[in-house]
Asker: 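Before I ask anything, here is the structure I am working with.
Just so we're on the same page: letters track the sequence lines, and every chain starts at 1.
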Amino acid sequence: NAGVMQNPRHLVRRRGQEARLRCSPMKGHSHVYWYRQLPEEGLKFMVYLQKENIIDESGMPKERFSAEFPKEGPSILRIQQVVRGDSAAYFCASSPNVYNEQFFGPGTRLTVL
Amino acid sequence: EDQVTQSPEALRLQEGESSSLNCSYTVSGLRGLFWYRQDPGKGPEFLFTLYSAGEEKEKERLKATLTKKESFLHITAPKPEDSATYLCAVQVGDYKLSFGAGTTVTVRA
């Protein structure tokens, strides 16, 4: 049973470019969560999605960030016009329902030059 | 605001030297407390879920306990492969996890 998959594992962007991070949840999991881990800081919740729905995006910056989880395909976290402060590790987690443990992927490490 | 504090920040142990990590929390309406292990450059790996005060869970050399205000992760006779950052997270409401900053454990042979 494959775990949560994320790609790319490492992403380098220049300031002003767009970053697209992809997450495929574990088989049978329909709940996806995105977290961000800034250097020397703990994991912070960003957004919670179910298929085709954003349930809670309270942790996501209002500008430049968006997320989706389409009916087919992976969940996408999109960051437009990246700035150096966006450099961080972005983790996706999934669960079969909201009451279960969240299982994390290996993360995407974004570096903004 | 929900607060999760882990101590110590770092812990250096000799192989076989048992110790405990602390996770204290200030939340309203705790649904569950989770322990994860994170190795450098990897994602958090799920270890335990605790739901109510007095609950205990064990896995190999690790044992997690929960009181109304804190949780402990006991490492018994650790081995070098137990070296990692251990993360504590609380779930308030249905899904959101609030993480502590973690305790980095280094076990020397």
Asker: With only heavy atoms counted, which part of B:Q38 is less than 4.5 Å from chain A, the side chain, the backbone, both or neither?
Answerer: side chain

Asker: Hydrogens and angles aside, do A:S75 and A:W34 bring a side-chain donor and acceptor to less than 3.5 Å of each other?
Answerer: yes

Asker: Parallel, tilted or perpendicular: which fits the ring planes of A:F104 and A:Y35, with parallel below 30° and perpendicular above 60°?
Answerer: tilted

Asker: Do B:S18 and B:T76 get their side chains close enough for a donor-acceptor pair, meaning under 3.5 Å?
Answerer: no

Asker: For A:Q102, is it the side chain, the backbone, both, or neither that has a heavy atom closer than 4.5 Å to a heavy atom of chain B?
Answerer: both

Asker: Is A:S58 in contact with chain B via its backbone, its side chain, both, or neither, using a 4.5 Å heavy-atom distance?
Answerer: side chain

Asker: Quick one: what part of A:E101 sits under 4.5 Å from any heavy atom of chain B, side chain, backbone, both or neither?
Answerer: both

Asker: Less than 4.5 Å to any heavy atom of chain A: does that hold for the side chain of B:Q91, its backbone, both, or neither?
Answerer: side chain

Asker: May I ask you to decide if the ring planes of A:Y90 and A:F65 are parallel, tilted or perpendicular, using 30° and 60° as cut-offs?
Answerer: tilted

Asker: Determine the option with the most heavy-atom pairs under 4.5 angstrom with chain A, choosing from B:G100, B:G41, B:A101.
Answerer: B:G41

Asker: Which label fits B:Y95 and A:F45: parallel for a plane angle under 30°, tilted from 30 to 60°, or perpendicular past 60°?
Answerer: tilted

Asker: Could you give me the CA-CA distance, side-chain angles and deciding distance for B:S83 and B:T106, then say whether side-chain hydrogen bond (donor to acceptor under 3.5 Å, both in side chains) is met?
Answerer: CA-CA 5 Å; B:S83 298; B:T106 304; 5.4 Å; no

Asker: Checking heavy atoms, do the side chain of B:Y51, its backbone, both or neither come under 4.5 Å from chain A?
Answerer: side chain

